[in-house]
*Asks:* 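Would you mind keeping the following structure in view while I ask a few things?
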Amino acid sequence: MRILALLLQYVSIAFALYLCYQIGLSFYLQQYEIMETVANIGTILVCIDLAVFLWHSRSTNAQSLKDYASKLEQPTPTFVKVSRKLGHFGILLIITSWIVPMMN
């Protein structure tokens with residue numbers, strides 16, 4: 001299971017880098033659509049959130065239930081909270097990129 005989480009973490013980072021390349025190339029060639037770019041930016045934010053979540057959950061593995069309970073009582077780091085907010089914002093961007101074309 002740890003290998004799968006590590007693999008998923010690297011895949012999400014690689015996919016975010018690929019989307020950054022795709023956005024940069026579309027702006028350079030001036031062949032972009034706004035809603036597609038908004039969806040890609042939202043996907044990048046969700047990928048970053050997933051990678052941070054997997055990294056944080058991998059680094060907080062506990063051996064016993066008592067250790068796990070004590071770790072749950074500790075507050076989460078600020079960068080994890082920020083990445084969660086960015087992930088939620090990315091989901092909102094993706095949903096916006098689906099809804100706006102339906103309204104026109």
Side-chain angles (χ1 to χ4, degrees):
M1 192 66 171
R2 289 182 184 178
I3 295 173
L4 180 64
L6 184 66
L7 182 66
L8 186 60
Q9 181 182 2
Y10 286 130
V11 166
S12 67
I13 292 170
F15 188 63
L17 289 174
Y18 168 73
L19 287 176
C20 288
Y21 167 75
Q22 188 177 3
I23 290 171
L25 188 64
S26 67
F27 278 134
Y28 178 73
L29 297 176
Q30 297 179 352
Q31 297 175 347
Y32 59 90
E33 296 179 18
I34 285 293
M35 288 300 123
E36 183 180 334
T37 305
V38 167
N40 285 345
I41 291 171
T43 307
I44 290 169
L45 293 176
V46 170
C47 287
I48 291 170
D49 179 37
L50 178 63
V52 169
F53 169 74
L54 290 172
W55 176 79
H56 179 67
S57 65
R58 184 180 52 155
S59 67
T60 58
N61 284 338
Q63 285 76 24
S64 69
L65 189 59
K66 190 180 285 187
D67 291 339
Y68 181 71
S70 68
K71 291 202 185 243
L72 282 178
E73 294 172 358
Q74 296 175 355
T76 57
T78 305
F79 70 93
V80 174
K81 290 179 183 178
V82 169
S83 72
R84 285 181 189 164
K85 298 294 182 190
L86 287 176
H88 292 145
F89 182 63
I91 291 170
L92 288 175
L93 287 176
I94 293 169
I95 291 172
T96 302
S97 71
W98 291 343
I99 292 175
V100 169
M102 288 183 204
M103 297 173 98
N104 289 333

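Note that the numbering runs from 1 along the sequence shown for the chain.
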*Asks:* Are Trp55 and Val11 grouped together when hydrophobic residues (ILVMFWY) are joined by side-chain heavy atoms under 4.5 angstrom apart?
*Replies:*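 In one cluster: no.
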*Asks:* Quick one: pull up CD1 in Ile23 and OG1 in Thr37 and give me the separation to the nearest 0.5 Å.
*Replies:* 6.0 Å
*Asks:* Which heavy-atom pair separates Ile94 from Ala39 by the least distance, and what is that distance?
*Replies:* CG1-O, 3.9 Å
*Asks:* Please check if the number of heavy atoms outside Ile3 that lie under 6.0 Å from its CD1 is greater than 12.
*Replies:*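 Counting other residues, nucleotides and ligands, CD1 of Ile3 stays at 12 neighbours or fewer.
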*Asks:* Could you give me the CA-CA distance, side-chain angles and deciding distance for Leu6 and Gln9, then say whether side chain to side chain contact (heavy atoms under 4.5 Å, CB included) is met?
*Replies:* CA-CA 5 Å; Leu6 184 66; Gln9 181 182 2; 3.9 Å; yes
*Asks:* For atom OH of Tyr10, decide whether the heavy atoms of other residues, nucleotides or ligands shown that lie under 6.0 angstrom number more than 12.
*Replies:* no
*Asks:* Could you state the interatomic distance from CG (Leu8) to CD1 (Ile13), rounded to the nearest 0.5 Å?
*Replies:* 10.0 Å
*Asks:* Could you give the distance from SG (Cys20) to CG (Leu25), rounded to the nearest 0.5 Å?
*Replies:*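 Going from the SG atom of Cys20 to the CG atom of Leu25 covers 12.5 Å.
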*Asks:* May I ask you to test the Arg84-Val80 pair for a side-chain heavy-atom distance under 4.5 Å?
*Replies:* yes
*Asks:* Hey, quick one: are Ile48 and Leu93 part of the same hydrophobic cluster, counting side-chain heavy atoms closer than 4.5 Å, chains of contacts allowed?
*Replies:*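 Yes, it is one cluster - the side chains of Ile48 and Leu93 are joined through contacts under 4.5 Å.
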*Asks:* At what distance, to the nearest 0.5 angstrom, does OG of Ser12 lie from CG of Leu17?
*Replies:*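 Spacing of OG (Ser12) from CG (Leu17) equals 9.5 Å.
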*Asks:* Is Trp98 reachable from Val46 through a run of I, L, V, M, F, W or Y residues, each pair having side-chain heavy atoms under 4.5 Å apart?
*Replies:*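 In one cluster with Val46: Trp98, yes.
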*Asks:* Working to the nearest 0.5 angstrom, can you tell me the gap between Asp49 CG and Leu54 CG?
*Replies:*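 The distance works out to 9.5 Å.
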*Asks:* Are Leu50 and Ile91 connected in the hydrophobic side-chain network, where two residues link if heavy atoms are under 4.5 Å apart?
*Replies:*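 In one cluster with Leu50: Ile91, no.
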*Asks:* Can you measure from CG (Leu19) to CG (Asn40) and round to the nearest 0.5 angstrom?
*Replies:*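 It comes to 5.0 Å.
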*Asks:* Is the OH atom of Tyr18 crowded by more than 12 outside heavy atoms at less than 6.0 Å?
*Replies:* no
*Asks:* Side chain to side chain contact (heavy atoms under 4.5 Å, CB included), that's the test. Do Ile34 and Tyr32 meet it? Break it down for me.
*Replies:* CA-CA 6 Å; Ile34 285 293; Tyr32 59 90; 4.2 Å; yes
*Asks:* I need the minimum non-hydrogen distance between Met35 and Thr96, along with the two atoms involved.
*Replies:* SD-O, 4.2 Å
*Asks:* Indicate if Val82 and Leu45 have the same hydrophobic cluster label, given that clusters are the connected sets of ILVMFWY residues with side-chain heavy-atom separations under 4.5 angstrom.
*Replies:* yes
